[in-house]
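Notes follow the structure.
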2 protein chains.
Amino acid sequence: MAKEITIYDIAKELSVSAATVSRALQDHRAINANTKRRVITKAEEMGYRSNQFASNLRRRKTNTLGVIVPRLNSHFVSTALAAMEKIASDAGYNIIISQSMESGAKEIMNAKTMFENRVDGLIVSLAYDTDSFEHFEKFAGKGIPVIFFDRVFDGGDIASIVIDNFRNACDITKHLAEQGCRRIMHITGNLKRNVYSERFNGYKQALAEAGLPWTNDLLLETDLSEKAGADAAEKIMAMPQKPDGIFVANDICAATCMHVLQQNGFLIPNDMAVAGFNNDPVSRIAEPNITTINYPAHQMGELAATYMINHLTGAASIHTTNKIILKSELLIRASSLRKK
Amino acid sequence: MAKEITIYDIAKELSVSAATVSRALQDHRAINANTKRRVITKAEEMGYRSNQFASNLRRRKTNTLGVIVPRLNSHFVSTALAAMEKIASDAGYNIIISQSMESGAKEIMNAKTMFENRVDGLIVSLAYDTDSFEHFEKFAGKGIPVIFFDRVFDGGDIASIVIDNFRNACDITKHLAEQGCRRIMHITGNLKRNVYSERFNGYKQALAEAGLPWTNDLLLETDLSEKAGADAAEKIMAMPQKPDGIFVANDICAATCMHVLQQNGFLIPNDMAVAGFNNDPVSRIAEPNITTINYPAHQMGELAATYMINHLTGAASIHTTNKIILKSELLIRASSLRKK
DNA sequence: CATTGCTCCGCAACCGATTGCGTTTTTTAA
DNA sequence: TTAAAAAACGCAATCGGTTGCGGAGCAATG
C-alpha cells in the first residue's frame, strides 16, 4: 500500500513545476523535448500513475461511454457489446456497462448512475417495459449524446441504429407462404418494443399480400426464452386448428419450440415450417438448421460506438442524422424449405 | 448545456455551508433531519447531480470494479458477467469491462487502463497466451484486490475461483469409456491455460484407469470456435484409425463437429459418442443433445463479485482464502448414451 | 448558577491534475 | 547592439466534494 505518487512528487524530484510535469506528460508543445524525456523517465522510475479523477474533474470529461442493455447474456447483445468495446478501447474510451434486466425501473436507476458518473456518451437498447423517455432527457439537457440501438423509441428524433424489422418480417413471412404455409403463426416478445411490433406488422402485411387471413390465435406474445419456446410448442399442440408454419422472433425460442414439436412427431419443415430471427449460433446447429434473419450484431455495435466517438471528438455530429438502418437479410435454411 | 449545479449553489440558496449540504446528502448523522429534508428537496429542485470524480478524488476510491475477460461474446463469459454486474450494481458498484481478445499484450494494456482508472478491485479471466503475472502485481502492490475466475494461474497464491476441470474431464472420459468407446479423442484449446491442461490431464488419467492407450493423434489443439469444430470433423474423417468417441472442451465446437460428422454419415452416439463442456444452450438444442458438464457460469460470476465486494467492504478478506472450487457435474445426454 | 454533554453546523484544508496568463530566457530580425 | 518574437516554464486559481476539528447553542445535571 505504498504512497501514491503524484506529479508534485515528480516535480520536486526534478526541480520543475507541477505544471511542467503535467504538460510534459501530455506531450504539450510548449515543453522542451529534453524536459519531456526527463519527466517521462522519472515518472516511469517512480512508478507514477496518473489520477484520472483529478483529471476528469478538471477537464470535465471522463473518456467513458455508458452502455445500458436489457441483459448481457444474449448472443446478440454480447456480440454487439464486444464490438463496441473494441472500438471504444481503440479510441481510448472505457465503457461501463449495466443491464436493465428488462425492467424499466432498473433502467431508470442505471441511467441515473451513468448520469452521475458523467459518462461522455450513452448507448442504449431499451428494456421490455420502458414507456418513458424522461430518464434520457436529462442527458440531452446536458449535451450528452445518447444513441439507441436495436430496441429504440418508435417516434421522436433520437439517434438510433436499427435494422428494418418490418421488411425482414415481411420477407420471412412471405417466404413461408411461398413454401406453402397457409396458417402461419407468430411468436414474439413484448409488442411494446419497436423490434417486435415492427416484426408483427411486417408479418401481417405479408399475410395480407399473400391473401392469407390473420386471426388472433395466430399470435403468441412471450418472453422469447428457451422455456417459452417449449411452452409455445405445448400450446400449439393443444390448438384445435394448428398452424403449418411458425415465425418466431428469436432463434433460441424457435429452436426449443421446434425441438419439442419434433419430439412429438412433427416433421420439420413438412408438418411445420419454422423460422427464427437473429442468426444465433443455435440456428446453425439445430437440426434442421433454422431459417432466420442475419442480424448484424457486430456491425451494429461497431457502428454505434464509432458514431458516438466521432460525435464526441467532433468529427461528425449525431444530430445531423437520426436513424441508421443496417442491412440484414433472410437466410433460408432447411427448417422452412419444402420445395427444392 | 445548462450550468452544472454544485453543492455550493445549494448551500448558497439555503444559507448553509457546503459541508452541511454534503453531509445532508450522505445522510450523515450529525445533520438535523429537517435540514436534510430541506437540502434534499432543494437539490432535487435545482436538478443537482453529484460529481463522482470530485468525490472519488477526495475519498480515494471509485466504487468501480474492473473486469477483464478474453472475449465478451461467449455464453459462459456473458453469463458470468451478467451475474457480476447484478451483484455489483446492487452493492452500488459500477463495472467497467474490457476484453483481451485472447491476446496477452492487449490484456496488459487493459490492466494498465484499469490501474489508472483506479478500479477498487479487478476480476480477471486470462487470455490464451498470458505468461506473466507482472501486470497484475502492480495491483497487489497498491493493495488492490485481484480475483481470477475460470482461467487462472496454475500456481501461486492468487485468489481464484474455478471448477474442478481435472475431475470433470475424468468423469466425462470415464463415462465415454463405460459406453464402450475404445479410442477417445480430445479436442481442446490452448494447453497453456489451466482449464484446458487440467481437462487434458483428467482425460488422460481416465484413459489410464480404463486401461485405454493414449497416443498423440488423439489430441487436437484448436481455438474451439464453431469453425474449429467443422475442421476437426474433417480431420477425423481423414484419420487412418478413427476414434469412436470425442470429448471436446466446449459445446459450440462439439456441436459443429458432431454436425459435420452426421452429415457425412456418422451415427451419433453409435459410430461416435460425443461430449462437450459448459452446458451451453446449443448442447440442449443440438440433435442428439450433447453430453456436457454443467458449468456454473452464473454462480461463478456471482461468487467472484460477492467475494470481491465483501473484501472491499471489509466483511471478509480475500487473503484468507485463495482458491474456491465450484461444484459442477456431468450431464449425460443422448450424444453419448449407447446403453439404456 | 456553573458545569457537563449533546446536537448541529461552519471553517478550511485537502484530493491531484489542468490551464490561462504572465515571466524569463533564448533566438531571430533589424 | 537592440528591439521584437518565439520558446520554455512557473504561478496560482480551479474543478466539486469530503472531513477533522472546533465552536455555538441548548438542555440536563449537580
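In what follows, chains carry the letters A, B, and so on, assigned in the order in which the sequence lines appear, proteins first and then strands, with residues in each chain numbered from 1.
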side-chain contact (heavy atoms from CB on, under 4.5 Å) test vs B/D120 passes for just one of B/N94, B/N56, B/T62, namely B/T62
Testing C/dG10, C/dA17, D/dG16 for proximity to the side chain of B/V16, the answer is C/dG10
Testing D/dT18, C/dG16, D/dC11 for proximity to the side chain of A/A19, the answer is D/dC11
message: Could you check whether B/T41 and B/R37, counting side-chain N and O atoms only, form a donor-acceptor pair closer than 3.5 Å?
response: no
With a 3.5 Å cut-off and no angle check, do the side chains of B/T6 and B/E4 form a donor-acceptor pair? no
OP1, OP2 of [N] versus side-chain N and O of [X]: anything below 4.0 Å?
X: A/Q52; N: C/dA17; value: no
X: A/N51; N: C/dA17; value: no
X: B/R29; N: C/dC8; value: no
X: A/S50; N: C/dG16; value: no
X: B/S17; N: C/dC11; value: no
X: A/S22; N: C/dT18; value: yes
X: B/R60; N: C/dG16; value: yes
X: A/Y8; N: C/dC14; value: no

(message) For C/dG16, does the base pair up with any side-chain atom of A/R59 as donor and acceptor (N or O, under 3.5 Å, distance only)?
(response) no
- Task: Examine the base of D/dG10 for any acceptor or donor lying under 3.5 Å from a partner atom in the side chain of A/R23, and report the outcome as yes or no.
- Result: yes
Of A/R58 and B/A30, the one whose nearest nucleotide on DNA chain C sits closer to the 5' end is B/A30
Heavy atoms under 4.0 Å, any strand shown: does [X] hit a base, just sugar-phosphate, or nothing?
X: B/R118; value: nothing
X: B/V21; value: nothing
X: B/I31; value: sugar-phosphate

For [X] and [N], give me the distance from atom [atom1] to atom [atom2], rounded to whole Å.
X: A/K61; N: C/dT18; atom1: NZ; atom2: P; value: 12 Å
X: B/I7; N: D/dT18; atom1: CD1; atom2: P; value: 7 Å
X: B/Q26; N: D/dT18; atom1: CD; atom2: P; value: 5 Å
X: A/N63; N: C/dA17; atom1: CG; atom2: P; value: 16 Å
X: A/D9; N: C/dC15; atom1: CG; atom2: P; value: 10 Å
X: B/K36; N: C/dC8; atom1: NZ; atom2: P; value: 9 Å
X: A/I10; N: D/dG10; atom1: CD1; atom2: P; value: 14 Å
X: B/N56; N: D/dG16; atom1: CG; atom2: C1'; value: 12 Å

Determine whether more than 12 heavy atoms belonging to other residues, nucleotides or ligands lie under 6.0 Å from atom [atom1] of [X].
X: A/K112; atom1: NZ; answer: no
X: B/K86; atom1: NZ; answer: no
X: B/M46; atom1: CE; answer: yes
X: B/K12; atom1: NZ; answer: no

*Test salt bridge (Lys or Arg N to Asp or Glu O under 4.0 Å) applied to B/R151 and B/E102, step by step*: CA-CA 11 Å; B/R151 305 230 207 127; B/E102 298 289 10; 2.9 Å; yes
Computed from five pairs at either end and rounded to 10 degrees, the angle between the axes of the helix from C/dC1-D/dG30 to C/dA30-D/dT1 is 40°
Taken to the nearest 0.5 Å, the spacing of A/S55 OG from A/N63 CG works out to 8.0 Å
